[in-house]
Structures are given as C-alpha cells and as structure tokens.
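In this text the structure is predicted, and so the values were computed from the model without any measurement. Reminder, nothing fancy here: chain letters follow the sequence lines and each chain counts from 1.
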Amino acid sequence: MDSGKVVENIYLLVIVTLISVLQNALFAQKVEKECNQCSQNAQKSAFERVACANRNCMDAYPTFLAVMWCAGLCLSQAPAAFAGIIYLVVRQKYFVGYMGQTSQSTPGYLFGKRIIFFLFLMCVVGIFNYLLTRHYGSDYKEYVETITNAASALLLLP
Amino acid sequence: MDSGKVVENIYLLVIVTLISVLQNALFAQKVEKECNQCSQNAQKSAFERVACANRNCMDAYPTFLAVMWCAGLCLSQAPAAFAGIIYLVVRQKYFVGYMGQTSQSTPGYLFGKRIIFFLFLMCVVGIFNYLLTRHYGSDYKEYVETITNAASALLLLP
Amino acid sequence: MDSGKVVENIYLLVIVTLISVLQNALFAQKVEKECNQCSQNAQKSAFERVACANRNCMDAYPTFLAVMWCAGLCLSQAPAAFAGIIYLVVRQKYFVGYMGQTSQSTPGYLFGKRIIFFLFLMCVVGIFNYLLTRHYGSDYKEYVETITNAASALLLLP
C-alpha cells in the first residue's frame with residue numbers, strides 16, 4: 001500500500017474535512033470574541049473552571065484528531081505525529097493554566113492555533129501534491145516531506 | 001488497494017460506528033424534545049447564544065465525520081463528499097440563524113438530519129453490498145454507485 | 001492490503017492518539033473528582049439532566065471512536081467491534097440511569113472505563129507487536145489475536 005493509492009481513495013473526503021475544520025475555526029473565533037467581552041463578571045468556582053477547561057479541550061479534540069490523521073495519511077506521518085505531541089503539551093499547559101486561575105482572567109477559548117494551522121497546511125500540501133502528481137506526473141513529494149520535517153521543528157519555538 | 005479489500009478489514013468497525021450513530025441520534029432527539037418544552041423562559045445574552053450554537057455544532061461534529069468517512073470508504077467518495085459539503089452549508093445557516101435570534105424562538109438542537117440520514121444509508125448499502133459480494137459473488141457496486149450519485153443530487157432540494 | 005502494511009503507515013499517529021486518550025482520561029478524572037464534591041446542592045430539572053447526560057456521552061464519544069478504530073486497525077477487528085458493542089450497551093444504561101434520577105445522586109462523569117481501557121490495551125499490544133515484528137522478525141500476532149478474542153469475553157462480566 002503506497003501512499004499515493006491511499007490518497008486517491010480519500011482525497012475528496014479530506015478536502016471536505018478541511019473545509020469543516022475551517023468552519024470550526026470560524027465558529028470558535030466567534031465564541032472567543034464574545035467570550036472576551038463578557039468574562040469580566042465571572043468569578044467561577046473550582047468545579048466550573050475545571051469543567052469549562054475540560055469542555056474547551058473536548059470541543060477542539062475531534063478537529064485535532066481529524067487534522068492530524070489527514071496530515072499523516074496525505075503527506076507523512078512523522079511530522080504529523082510530532083506536531084500532535086506538541087499539541088498535547090500545549091493542551092496540558094492550557095488545562096493546568098485554566099485550573100490555576102483564581103481571578104477573572106481565564107485564558108481564552110482557543111489554544112494551539114499554530115499547530116492546528118501547521119497540520120492544516122500539511123494536508124493542503126499533501127492534497128495539492130497528489131493532484132499535481134496525477135495531472136502532470138511530476139512528484140515533488142520527497143522534497144515536500146523533507147521540508148515538512150524541517151519545518152515541524154519550528155513548532156518548538158515559543 | 002481496491003475498495004473491497006478495505007471494507008473487508010473494517011466492516012465490523014463500521015457496523016458498530018453506525019449503531020453508535022443511531023444511539024447518538026436517539027440521545028439528541030431526547031434533548032430536542034426536552035429543549036422544546038422549556039426554552040420559552042430563556043432570554044439569552046449574545047455570548048450564551050453563540051456559545052450554545054457552537055456547542056450544538058461541536059456535539060454533532062464527530063458523528064458527522066464518522067458517518068461521512070464510513071460512507072466514503074464503504075461505497076464511494078464523491079457523493080459522500082458532496083453530502084458533506086451540503087451539511088457544512090446547512091451548519092453555516094444554522095449557526096448564523098442561531099446567533100441572529102434575539103427573541104426566545106431559537107432553532108432546535110438538531111440540524112442536517114436528512115444529510116446524516118443519507119450518509120447513514122450509504123454506509124448501510126455499502127456494508128450490505130460487501131456482504132452480498134462475499135457470500136454470493138455478485139457485485140452490484142457499480143449500479144449502486146450510479147444510483148447513489150444520482151440520489152445525492154436530491155439533497156439539493158430544500 | 002495485509003494488516004502489517006497498514007500499521008506501518010499509521011503507527012506513529014496511533015501512538016499520539018493513545019497519548020491524547022490518556023490525557024483525556026486525566027482531564028475527565030479531574031472533572032469527576034470535582035463533580036463529586038459539589039453535586040450535592042444541585043436539584044436539576046429534567047431538561048438539565050438530559051442535556052447533561054447527552055453532553056457527558058458526547059464528550060467521551062471521539063475518544064471512544066478513536067480507540068476503537070485504532071484497536072481494530074492495529075490488532076484485529078472482531079474483538080474491537082465486540083468491545084464497542086458492549087460500550088454502547090453501557091452508555092445506554094448510563095443515559096437511562098442519568099435521566100431516571102430525580103434526587104441529587106446523579107451518576108458520575110465517567111462510564112465504560114473498563115472497556116476503554118481494554119481497547120487501549122489492544123492498541124498498545126498491536127503497536128508493540130508491530131515493532132517486535134519489524135525489529136526481530138518474529139510475529140506473535142496470531143497468538144495475541146487468539147488471546148484477545150478470549151479476553152474480550154471477560155468484558156461481559158459485570
């Protein structure tokens with residue numbers, strides 16, 4: 001099972017998934033915007049804070065899984081898995097930070113935007129590369145993979 | 001990698017996923033029923049409305065992804081992706097409609113029922129077709145795909 | 001498409017998914033702990049109860065799907081599907097039990113821990129088996145599958 005064959009069978013599904021991820025991001029941004037405007041009056045209990053942190057993490061979880069798997073299947077799995085690990089670290093920090101807040105300045109609704117964006121880009125490059133290969137017969141996949149592997153190290157920057 | 005081989009490795013998983021989707025639909029319907037009975041007294045703020053709309057969309061998101069991918073893998077990807085696009089349009093309308101409401105008449109909990117049902121049907125047909133092929137050796141897959149492609153156009157009807 | 005080839009392309013993704021599932025379990029446990037401490041004062045309406053039960057089920061749904069599919073793809077699909085069915089039965093019981101409660105003693109946040117743990121273990125064994133096969137060339141997969149099939153029957157114990 002070489003990778004081009006897999007992509008052939010799923011590339012339309014991946015494209016729809018990517019559009020849905022974009023839409024999710026749009027929705028989440030609206031929530032984030034409203035959230036910032038009205039979170040001043042909230043003095044939440046410990047339970048409310050931990051439940052809210054958990055909910056925010058769970059809301060973003062299917063999106064993360066979908067993007068990571070698409071990126072891993074369409075392009076190459078090592079950088080996708082690496083970005084996934086970084087995302088999990090960021091999520092852990094977010095959760096701990098959310099619980100530790102006792103005043104009203106809770107962190108926002110979103111986190112890990114950069115990593116999701118990177119995985120999203122990987123999917124787009126993978127799909128684009130597949131379409132190029134099919135229509136023109138030239139395969140840049142190896143170059144792209146090398147570049148992606150290098151670029152994924154950039155995620156470690158704070 | 002022809003499609004029959006893939007289905008062979010996952011058809012039990014797809015069946016369980018379908019049952020879980022049915023169960024999700026059952027749960028959501030219970031929520032919908034209760035929701036209609038008690039939403040008269042709610043005069044929600046803008047933040048509550050956008051958060052609620054986002055939550056309802058996110059609740060349905062894993063179900064949608066699972067059904068779309070199963071339908072795409074088991075039967076054929078073009079109509080599944082097309083139905084997915086339609087679902088995203090419906091979701092966008094739902095979200096905008098939810099936010100735009102200033103009175104108490106918010107839209108219900110569910111949306112895109114018809115599209116989910118169509119994708120669900122595609123999965124069932126794909127599994128059924130695979131089992132028929134395995135036990136009787138006759139393959140109706142091409143006829144079924146043609147019919148599905150035609151039927152997916154019906155989703156465009158309002 | 002034999003199973004070893006599939007695992008080769010996704011094993012890093014599966015590992016990251018497993019870590020994310022562990023993290024989800026950690027988060028959920030924190031919620032559970034706080035939940036027990038403060039749920040005495042809640043006398044919830046019918047709508048709140050059904051919405052809460054649905055939300056708890058939906059929160060756990062992506063985790064369940066991810067673990068079940070990984071277990072099915074990495075090791076073998078029959079026990080994974082069987083465990084999935086058991087999980088759905090447990091979830092149905094949980095939902096009905098949650099709705100039926102009229103006093104303050106609602107069930108906790110978590111359910112089906114044992115089944116998720118079993119599926120998690122199946123993934124770990126599958127990955128471990130793949131790595132052993134790749135590095136040492138010995139394949140214990142058939143033994144492991146037989147043991148797993150037998151072990152999955154243990155889930156039926158109350």
Item to check | side-chain hydrogen bond (donor to acceptor under 3.5 Å, both in side chains) partners for B:S76, two or more places apart | outcome: none
Item to check | Atom group of B:A28 that falls short of 4.5 Å from chain C, counting heavy atoms | outcome: backbone
Next on the checklist: So B:D59 and C:Y61, do their side chains get closer than 4.5 Å, heavy atoms only?
Outcome noted: no
Next on the checklist: Report, in residue-number order, which members of residues 83-92 of chain B are under 4.5 Å from chain C by heavy-atom distance.
Outcome noted: none
Item to check | Closest non-hydrogen atom pair, B:F27 against C:N54 | outcome: CB-OD1, 3.4 Å
Checklist outcome for this item: Closest non-hydrogen atoms of B:V16 and C:A81, given as atom of the first, atom of the second and distance, are CG2-O, 3.4 Å
Item to check | Structural part of B:Y11 lying under 4.5 Å from a heavy atom of chain C | outcome: both
Item to check | B:I10/C:W69 under side chain to side chain contact (heavy atoms under 4.5 Å, CB included): CA gap, chis, key distance, verdict | outcome: CA-CA 9 Å; B:I10 59 169; C:W69 278 84; 3.8 Å; yes
Checklist outcome for this item: All heavy atoms of C:V50 vs all of B:K30, minimum pair found to be CG2-CB, 4.0 Å
Item to check | Heavy-atom closest contact (C:R55 atom, B:N56 atom, distance) | outcome: NH2-OD1, 4.2 Å
Checklist outcome for this item: Bottom line for B:L65: the part with an atom under 4.5 Å from chain C's heavy atoms is neither
Next on the checklist: Nearest 0.5 Å, please: how far is CD in B:Q23 from CZ in C:F95?
Outcome noted: 9.0 Å
Checklist entry - Going by heavy atoms in the side chains, are B:T17 and C:F64 under 4.5 Å from each other? => result no
Checklist entry - Atom OG1 in B:T63, atom CE in C:M58: separation rounded to 0.5 Å? => result 5.5 Å
Next on the checklist: Is C:A78 close to chain B through its backbone or its side chain, or both, or neither, when contacts mean heavy atoms under 4.5 Å?
Outcome noted: both
